A.B. asks: 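Here it is, the structure in full.
We name chains A, B, ... by the order of the sequence lines, and we start the count at 1 in each one. FYI, side chains are in, hydrogens and waters are out, and symmetry mates aren't considered; it's all heavy atoms of this structure. Predicted model, so just to flag it, every value in this text is computed and none were measured.
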2 protein chains.
Amino acid sequence: MEREQKNIQDKLDEARHQFIATIAQNMGLYGVSDTNGRLYGTVLFAERPMTLDDMSEALGMSKMSMSTGIRALMDADMVERVWEKGVRKDLYQSHDDWYQSFTSVFVNRWREAADNNQKAARRAKEEFEAFLEEAEDPYLIDVLHHDLEKVNYALGYYEWLDEVIRIFESGEIFAMIPPK
Amino acid sequence: MEREQKNIQDKLDEARHQFIATIAQNMGLYGVSDTNGRLYGTVLFAERPMTLDDMSEALGMSKMSMSTGIRALMDADMVERVWEKGVRKDLYQSHDDWYQSFTSVFVNRWREAADNNQKAARRAKEEFEAFLEEAEDPYLIDVLHHDLEKVNYALGYYEWLDEVIRIFESGEIFAMIPPK
DNA sequence: ATGTATGTACAGTATATACTTTACGGCTAA
DNA sequence: TTAGCCGTAAAGTATATACTGTACATACAT
């Protein structure tokens with residue numbers, strides 16, 4: 001009997017491991033590396049907050065990797081540090097608001113890109129228009145019109161993208177599609 | 001005068017180059033590498049469909065890189081192959097539906113991840129429930145309940161994510177936020 | 001104050017990725 | 001059929017990234 005319960009524990013670990021491996025594999029989409037994904041999964045299913053040494057042992061990796069990995073996960077608001085009196089080591093536990101994680105990852109990544117691109121497009125547009133003032137060669141003028149068309153299209157797209165991002169940023173998305 | 005027009009052409013190239021560099025830099029979000037982003041930009045602003053040799057010269061990179069790069073861009077529906085009678089070399093031009101590109105990239109990347117994770121979560125849930133049948137140790141039973149809670153939360157999240165993806169997949173998003 | 005334990009910076013190493021060179025199969029035109 | 005060109009597969013090389021070991025700075029306990 002004792003033996004059987006032990007067996008269940010092993011199988012449970014295996015089942016957890018399998019699940020963690022899958023979500024870790026896909027966590028690249030959140031800008032989280034594969035190994036950091038496994039780190040998150042490990043902390044998620046831990047029964048208690050973990051120390052860096054715990055993680056190091058659980059994953060068979062250096063403590064340094066755990067340190068840098070945890071910092072990345074904290075930056076992404078996926079884990080949080082907790083204090084327990086009498087414990088000197090830093091303790092970490094998962095911060096499980098996946099809806100929030102999704103939106104903030106989505107927003108952070110796209111917001112910056114959209115802003116950069118929009119700025120670059122505006123600048124390009126200005127320059128193209130300035131060139132158009134000076135241009136005399138009909139062919140060159142034609143080319144410039146085409147370029148302006150493209151950059152205007154881009155600007156429209158960025159405006160649209162901005163709206164999409166805003167829906168996630170403001171949380172409107174949760175009114176449109178309520179969390180389960 | 002001739003000299004000045006030439007100067008404009010140079011400045012135009014520089015302005016294009018600048019814009020292309022920026023969008024290429026951020027194109028990593030679309031799963032497109034930096035250099036493939038520049039490749040796309042080059043094709044986008046080309047006045048005529050380009051051959052691999054054209055691109056090779058324009059970017060100062062090997063033809064092989066252009067070949068693989070173009071294939072990646074074609075897979076992402078960002079460039080298309082065109083035929084011109086009398087031209088033996090393959091010709092490529094940009095396929096400029098950025099709205100479509102965005103949604104299909106978004107959908108393709110997240111759809112697969114969501115499906116994988118959902119499948120893994122269902123499987124984990126089944127296993128956890130099976131273990132719960134066999135378990136006798138109260139502590140183990142408690143652990144299993146916690147695990148089930150987590151996996152149920154995950155399943156809810158995947159359901160939500162599925163809905164979000166569906167909005168982009170079906171094009172509903174364009175009714176909610178019309179393209180400019 | 002001083003010894004000890006803990007997290008992290010730094011440098012070195014291994015692995016993965018991007019790119020190039022070379023070589024070849026397939027298509028086209030004579 | 002064959003000569004020549006085009007696109008790509010394969011192998012090799014360089015660069016970037018991920019990970020480790022060591023060594024140090026900081027904070028706590030005595």
Side-chain angles (χ1 to χ4, degrees), chain A residues 20-21 23-43 46 48-76 78-93 109, chain B residues 20-21 23-43 46 48-76 78-93 109:
Chain A
I20 290 172
I23 64 175
Q25 203 171 344
N26 294 311
M27 219 171 276
L29 295 176
Y30 296 83
V32 175
S33 75
D34 199 82
T35 53
N36 284 351
R38 279 199 306 276
L39 178 58
Y40 173 76
T42 305
V43 175
R48 307 194 16 74
M50 294 179 88
T51 68
L52 293 179
D53 288 315
D54 293 338
M55 303 171 204
S56 177
E57 202 205 324
L59 291 172
M61 290 178 68
S62 75
K63 204 163 89 169
M64 185 63 213
S65 295
M66 302 303 99
S67 177
T68 53
I70 275 292
R71 240 192 323 179
L73 293 173
M74 285 195 41
D75 287 346
M78 297 178 68
V79 300
E80 57 188 0
R81 214 160 132 185
V82 291
W83 281 269
E84 263 178 43
K85 116 174 127 177
V87 180
R88 284 185 56 179
K89 301 187 183 187
D90 293 352
L91 290 169
Y92 299 92
Q93 70 185 15
R109 304 189 85 196
Chain B
I20 290 173
I23 64 174
Q25 203 171 344
N26 293 311
M27 218 171 275
L29 294 177
Y30 297 82
V32 175
S33 75
D34 199 82
T35 53
N36 283 350
R38 279 199 306 275
L39 178 58
Y40 172 76
T42 305
V43 176
R48 308 193 15 74
M50 295 180 87
T51 68
L52 293 178
D53 288 315
D54 293 338
M55 305 171 204
S56 176
E57 203 205 324
L59 291 171
M61 290 177 67
S62 75
K63 204 163 89 168
M64 184 67 214
S65 295
M66 303 301 99
S67 177
T68 54
I70 276 291
R71 238 190 327 177
L73 292 174
M74 285 194 43
D75 288 346
M78 297 178 68
V79 300
E80 57 189 358
R81 215 160 133 184
V82 291
W83 281 269
E84 262 179 40
K85 120 174 124 177
V87 180
R88 285 184 55 180
K89 301 187 184 187
D90 292 352
L91 290 168
Y92 299 91
Q93 70 184 14
R109 303 188 86 197

A.B. asks: In terms of side-chain heavy atoms of A:R88, which of D:dA27, C:dT8, C:dT20 is nearest?
C.D. replies: D:dA27
A.B. asks: Rounded to the nearest Å, what distance is computed from the CE atom of residue A:M50 to the P atom of nucleotide C:dT6?
C.D. replies: 16 Å
A.B. asks: Under the 3.5 angstrom rule, does the side chain of B:T42 hit a backbone N or O of B:R38 as a donor-acceptor pair?
C.D. replies: yes
A.B. asks: Tell me whether the OP1 or OP2 atom of C:dT20 has a side-chain N or O from B:S65 closer than 4.0 Å.
C.D. replies: yes
A.B. asks: Base, sugar-phosphate, or nothing for A:T35, non-hydrogen atoms under 4.0 angstrom?
C.D. replies: sugar-phosphate
A.B. asks: Please give, in whole Å, the distance from C:dG7 C1' to A:K89 NZ?
C.D. replies: 11 Å
A.B. asks: Using a heavy-atom cut-off of 4.0 Å across all strands, would you classify A:D53 as base, sugar-phosphate, or nothing?
C.D. replies: nothing
A.B. asks: Ignoring hydrogens and geometry beyond distance, is a side-chain donor-acceptor pair present between A:D54 and A:T51 at under 3.5 Å?
C.D. replies: yes
A.B. asks: On DNA chain C, nearest-nucleotide positions of B:S62 versus A:R81: which is more 5'?
C.D. replies: A:R81
A.B. asks: Grab the CG-C1' distance between B:D34 and D:dT15 for me, whole Å please.
C.D. replies: 14 Å
A.B. asks: Roughly how many Å is it from NZ in A:K63 to P in C:dA5, rounded to a whole number?
C.D. replies: 11 Å
A.B. asks: Once you round it to whole Å, what is the distance between P of D:dC6 and CE of B:M55?
C.D. replies: 14 Å
A.B. asks: Rounded to whole Å, how long is the line connecting atom CH2 of B:W83 with atom C1' of C:dT28?
C.D. replies: 16 Å
A.B. asks: CG of B:L52 versus C1' of D:dT8: gap in Å, rounded?
C.D. replies: 10 Å
A.B. asks: D:dA18, OP1 or OP2 - any side-chain N/O from A:R38 closer than 4.0 Å?
C.D. replies: no
A.B. asks: To the closest 0.5 Å, what do you measure between CG (B:L52) and NZ (B:K89)?
C.D. replies: 8.5 Å
A.B. asks: Please determine, for the side chain of B:M64, which listed nucleotide (C:dG7, C:dT21, C:dA5) has the closest atom?
C.D. replies: C:dT21
A.B. asks: What's the spacing between A:R81 CZ and A:R71 CZ if we round to 0.5 Å?
C.D. replies: 11.0 Å
A.B. asks: Between P on D:dC6 and CG on B:D54, what's the gap in Å once rounded to a whole number?
C.D. replies: 11 Å
A.B. asks: The test is side-chain contact (heavy atoms from CB on, under 4.5 Å); show your working for A:E57 and A:D53 and say whether it passes.
C.D. replies: CA-CA 6 Å; A:E57 202 205 324; A:D53 288 315; over 6 Å; no
